[in-house]
Each structure stands twice: as structure tokens, then as C-alpha cells.
Amino acid sequence: MNNIITLTVNPAIDKSTTVQGIRPNSKLRCNTPVFEPGGGGINVSRVIQELGGTSLCMYLAGGPTGTHLQNQLTDLNIVQQVIPIDGWVRENLAVTDTMNNEQYRFGMPGPIVQESEWKNTLVQLDAILSENDFLVASGSLSPGMPADFFAQVSKIVKKNKAKYILDTSGDALIKGANEGVYLLKPNLGELATLCGLNEISYVELEIVAKNFIKNKPCKILVISMGPKGAMIVADNKIDYIKAPIVFQKSTIGAGDSMVAGMVLSLAQGKSIHEMAAFGVACGTAATMTEGTQLCKAKDVKELNTWILENS
């Protein structure tokens, strides 16, 4: 199996709790919180570990929260490469109101990253990448990082003849995708952003997706459609993956779980159809868990069997 490296430049400690009724201007007594390591690439590494694979988890971290994050990942037996920064790793909060099962998610911006710190990230990345490695850069940029950071990562990946999977948003996504990627997993809104459109309807989706992959340096495009599954565009062909209907408890980490399933499948030499099916299984399984929990291997196995039989 080819090596998998995940890169998280704005990791987080994800804190989740529950409360009975959310009301303004009131003291709300929450239940005991759960703390979990978070951030796009870190979540991808966690899911890969859950599924029996291995990855190198590279991330920027500083402060007591950075130490907490490192200890959590050590407890999960995830191989790490920590890039030290002065700023403290952020803490995000998810609160579920048990009266109506509605979840409120509060995402913090993260620490300011100095130019020397993000440039050191590029140097270290260049030193560890090898030919045919898979690099997953996932999550948001920290304040202070340039919008073209993921585009600079793309240049390093191409230099080392590795394969680049990018999962971010906004200008960072546009600039990174324009520089070149191996695989993208946008949702409809992100694909519209990439194509300079306000929105994309399901009727015009195939035409838009074909034009995108024809005109952009991207080999595989997997469009996440939530409960509708996914559409794949590769080698001038279109394929669809159906998603099973499940009882959703939380959507946190569903996209990261999907990316993890796809990159693990690719590293194992699976076909593009098998890769996307396994990704949908992982993303769907993640919605079956509470709070900030990610997918469980048992759920993924059962869902993947159903998807392969029905897609």
C-alpha cells in the first residue's frame, strides 16, 4: 500500500456536549463534555486508523491545547509529525439540544500562524513526500496564512510526483485546485464556487462537472451530494453512488470520513467505483454517530456492502 500523509494547518480540539433546552440570556447547565482531536486532516487520519490503515498525521500545533491534541493522538496510536507554532490550537464547540435533537456548532478561527511557521511546513512536507505517496490536505487555513498556501503545496506534491487530494473551501480551494490536484471532493456549493457560478442544479450538474474536469488540472472529481450519495467524473465517464438511508445523529466529520475512505481505497489499489462507494459508506456511517464522533468500522462494512449491491 502506498503511503498516506495528512496535512492539517488549522487543527482543533473538538468539544461536544448536550443540554436540555437552549434559551437566550440563561445559564445553561451542560452535561460532561467529550474532547476529541479534530481538524480536516486529523479526522482523516483518525478514520484511516479506525479502518485498519496507517497514515502520517502532519499538523501545526502550539500551546497547552496543542499538547493536549498531541497526547490524544498518541493515545490513538496515530503516527504524528508536529510542526511547532507559537499560537495555541483552537477549541471548537458543538452543543446538542436534547429537547429537539438540534445541534449548534461553534467553530473558532484558530491561531495566527507566522510566515516562518507556514514556510517551515512546506519545507518539512517537501522532505517527507515520495513518488506515488498520497497527500491529503484538508481543513481551513489559519489566520496569517496566504490564500495560495494549498497551491504552494500542490507545487511541492508535483515536484515529488505524489498524488494530491485537497478538501478545503473558498479562495484556498480555488487557488489550490487551479494549481492542480489528483482528486477533489466538493459538494454542490463548493463546485459552484470553483466554476464561478452562484449555484448548480441537479439538471445541469453533469455538464458542469464534465467541463470542470476537462478544463482544470484534476484527474478525479467526486461530488458529494449528502443523502443522495455521490457523482464521480473520471476518464471522461460519469458514475453514481447511491447512499443508504440512515438515522442521522450528527453530520460532523462526515466529509472527512468520506475523504479517508476514498484515499485508503486508492492506496490499496481499488477501482474508482470501489473508492467512491467506500467513501460514501464512510461518510454515511459518520452521520450515525453522536457529537464529534467519526465513522465506525462495523457500520462502514455493512453500509459498503449495501452500496456495492445497489450502485
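This chain uses plain numbering: 1 for the first residue, then up along the sequence. Side-chain atoms are counted along with the backbone in the values below, which use heavy atoms only and exclude waters and symmetry mates.
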Inter-residue atom distance Met225.CE - Leu191.CG, 0.5 Å rounding: 11.0 Å

Closest heavy-atom pair, Ser138 versus Gly40, reported as atoms and distance to 0.1 Å, is OG-CA, 3.4 Å

Compute whether any side-chain donor of one residue and acceptor of the other, for Ser55 and Gln49, lie under 3.5 angstrom apart. no

Pairing donors with acceptors under 3.5 angstrom, does anything connect the side chains of Gln70 and Tyr59? no

Could you tell me which non-hydrogen atom of Gly261 sits nearest to which non-hydrogen atom of Cys282, and how far apart they are? CA-SG, 3.7 Å

Please answer whether the main-chain N or O of Gly21 pairs with a side-chain N or O of Asp97 as donor and acceptor at a distance below 3.5 Å. yes

Is there a side-chain contact between Ile22 and Val19 (heavy atoms, below 4.5 Å)? yes

Using a 3.5 Å distance criterion without hydrogens, assess whether the side chain of Gln72 forms a donor-acceptor pair with backbone atoms of Phe35. yes

Side chains of Glu302 and Thr305: do they bring a donor and an acceptor to under 3.5 Å? no

Determine, for Tyr182 and Lys219, whether the Lys NZ or Arg CZ falls below 6.0 Å from the six-membered ring centre while staying within 45 degrees of the axis. no

On a heavy-atom basis, which atom in Val89 and which in Leu60 lie closest, and how many Å separate them? CG2-O, 4.2 Å

Can you see which heavy atom on Asp14 is nearest to which on Gly38, and at what distance? OD2-CA, 3.4 Å

Less than 4.0 Å between a side-chain N and a carboxylate O, is that true for Glu179 and Lys158? yes

Within the structure provided, determine whether Val95 and Thr18 are in side-chain contact (heavy-atom separation under 4.5 Å). no

Inspect the surroundings of CD1 in Ile112 and state if more than 12 heavy atoms from other residues, nucleotides or ligands are less than 6.0 Å away. no

Would you say Asp75 has more than 12 foreign heavy atoms packed within less than 6.0 Å of its CG? yes

For Gln81 and Gln124, test the side chains for any donor-to-acceptor distance below 3.5 angstrom and give the result as yes or no. yes

Nearest heavy-atom neighbours spanning Pro227 and Ala243: O-CB, 3.5 Å

Rounded to the nearest 0.5 Å, what's the gap from OG on Ser154 to CD1 on Ile156? Could you check? 9.5 Å

Quick one, Met262 and Ser265 - any side-chain contact, counting heavy atoms below 4.5 Å? no

Between Phe149 and Trp118, what is the ring plane arrangement, given parallel below 30°, perpendicular above 60°, and tilted in between? perpendicular

Nearest-0.5 Å distance, NZ of residue Lys301 to SG of residue Cys295: 15.0 Å

Asn160 side chain to Asp126 side chain, donor-acceptor N/O pair below 3.5 angstrom: yes

Surrounding CD of Glu204 (heavy atoms of other residues, nucleotides or ligands, distance under 6.0 Å), is the total greater than 12? yes

Ignoring hydrogens and geometry, is there a side-chain-to-backbone donor-acceptor pair from Glu309 to Trp306 under 3.5 Å? no

Is it the case that over 12 heavy atoms from other parts of the model lie below 6.0 angstrom from the CG atom of Asn100? yes

Same cluster or not: are Ile4 and Val44 linked, directly or through other Ile, Leu, Val, Met, Phe, Trp or Tyr residues, by side-chain heavy atoms under 4.5 angstrom apart? yes

Between Glu206 and Lys210, is there a side-chain N and carboxylate O pair less than 4.0 Å apart? no

For Asn31 and Thr17, which I'm curious about, is there any donor-acceptor pair between the side chains at under 3.5 Å? no

Short side-chain donor-acceptor distance under 3.5 Å, Asn10 and Ser140: yes

Do the side-chain N and O atoms of Arg105 and Asn92 include a donor-acceptor pair separated by under 3.5 angstrom? no

Quick one: does any side-chain atom of Glu117 pair with a main-chain N or O of Asp86 as donor and acceptor, under 3.5 Å? yes

Quick one: CD on Glu190 to CD1 on Ile174, what's the gap to the nearest 0.5 Å? 10.5 Å

Taking Glu50 first and then Arg46, would you say they form a salt bridge - that is, a charged N and a carboxylate O separated by under 4.0 Å? no

Group every Ile, Leu, Val, Met, Phe, Trp and Tyr by side-chain heavy-atom contacts under 4.5 Å, then state whether Leu28 and Phe106 land in the same group. yes

Working to the nearest 0.5 angstrom, can you tell me the gap between Thr98 OG1 and Glu102 CD? 11.5 Å

